[in-house]
Amino acid sequence: NAGVTQTPKFQVLKTGQSMTLQCAQDMNHEYMSWYRQDPGMGLRLIHYSVGAGITDQGEVPNGYNVSRSTTEDFPLRLLSAAPSQTSVYFCASRRDGSYEQYFGPGTRLTVT
Amino acid sequence: KQEVTQIPAALSVPEGENLVLNCSFTDSAIYNLQWFRQDPGKGLTSLLLIQSSQREQTSGRLNASLDKSSGRSTLYIAASQPGDSATYLCAVRTNTNAGKSTFGDGTTLTVKP
């Protein structure tokens, strides 16, 4: 198993640009989530999904969209990038009923 | 709202020393607590998970304890090694349906040879 994969590893955007961060898992996990990690703020939940076709907002959803058309993929879209979205983004997954989360390697995003 | 605090933010110890990392949380009605390790520029690796009904979990040189009533968890690392150098984060889950976790900022551990 590849586990949880994320692409790209690094990205630089200009303010106002849009992009999609990709996340995929091959463990057939029902639950997937997106976090951002910022110094002094820990990891904060952006959006999550409990299964294909079902998504919900986390703690800091503004400026981000998600969709879950398949069990494997959970892309995160930045609609109009802002410098405040400079962060490291992590995707995680777990099996429904299990409480151990598996994390991807992260995407380091800089918005100038 | 659940808040998770990890003190100290950084810790430096000589190789071979036993050490304790602390995690405190404000809402004691937790479902579980998970300790992670994060290496620089990498994702999070799960170390130990303690369910709310458990008092401790052990894996090799690691032992995690949980005291819900006082809102504390500790991660004990025995006979530390330079390879243990990393940032250690704890995450607390209080909502079983949505599975949302609240993370601490982490403690960055440096083990000197």
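FYI, side chains are in, hydrogens and waters are out, and symmetry mates aren't considered; it's all heavy atoms of this structure. Since this is a predicted model, take the numbers as computed values, not measurements. In what follows, chains carry the letters A, B, and so on, assigned in the order in which the sequence lines appear, proteins first and then strands, with residues in each chain numbered from 1.
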Mind listing the closest non-hydrogen atom pair of A:Tyr35 and B:Ser101 along with its distance?
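Reported closest heavy-atom pair: OH-CB, 4.0 Å.
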Identify the heavy atoms of B:Leu44 and A:Phe103 that sit nearest to each other, and give their distance.
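The pair with the smallest heavy-atom distance is O-CB, 3.5 Å.
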Taking atom [atom1] of [X] and atom [atom2] of [Y], what is their separation to the nearest 0.5 Å?
X        : Y       : atom1 : atom2 : result
A:Gln101 : B:Ser46 : CD    : OG    : 9.0 Å
A:Arg94  : B:Gln34 : CZ    : CD    : 10.0 Å
B:Phe103 : A:Arg44 : CZ    : CZ    : 13.0 Å

Where does A:Arg108 contact chain B at under 4.5 Å (heavy atoms): side chain, backbone, both or neither?
side chain
Select one option (side chain, backbone, both, neither) describing which atoms of A:Gln6 are under 4.5 Å from chain B's heavy atoms.
neither
ILVMFWY network linking [X] to [Y], side-chain heavy atoms under 4.5 angstrom:
X       : Y        : answer
A:Leu45 : B:Leu33  : no
A:Leu21 : A:Val88  : no
A:Tyr31 : B:Val92  : no
B:Leu89 : B:Leu109 : no
B:Leu62 : B:Tyr76  : no

Does A:Met27, at its CE atom, have more than 12 non-hydrogen atoms belonging to other residues, nucleotides or ligands within less than 6.0 Å?
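Correct, the count exceeds 12.
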Given A:Gly42, A:Gly58, A:Gly106, the one with more heavy-atom pairs under 4.5 angstrom with chain B than any other is A:Gly42
Assess whether side chain to side chain contact (heavy atoms under 4.5 Å, CB included) is satisfied between A:Gln37 and B:Asp105, documenting all intermediate values.
CA-CA 9 Å; A:Gln37 186 177 35; B:Asp105 267 350; over 6 Å; no
Let me know if B:Gln38 has heavy atoms under 4.5 Å from chain A in its side chain, its backbone, both or neither.
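Only the side chain of B:Gln38 comes within 4.5 Å of chain A.
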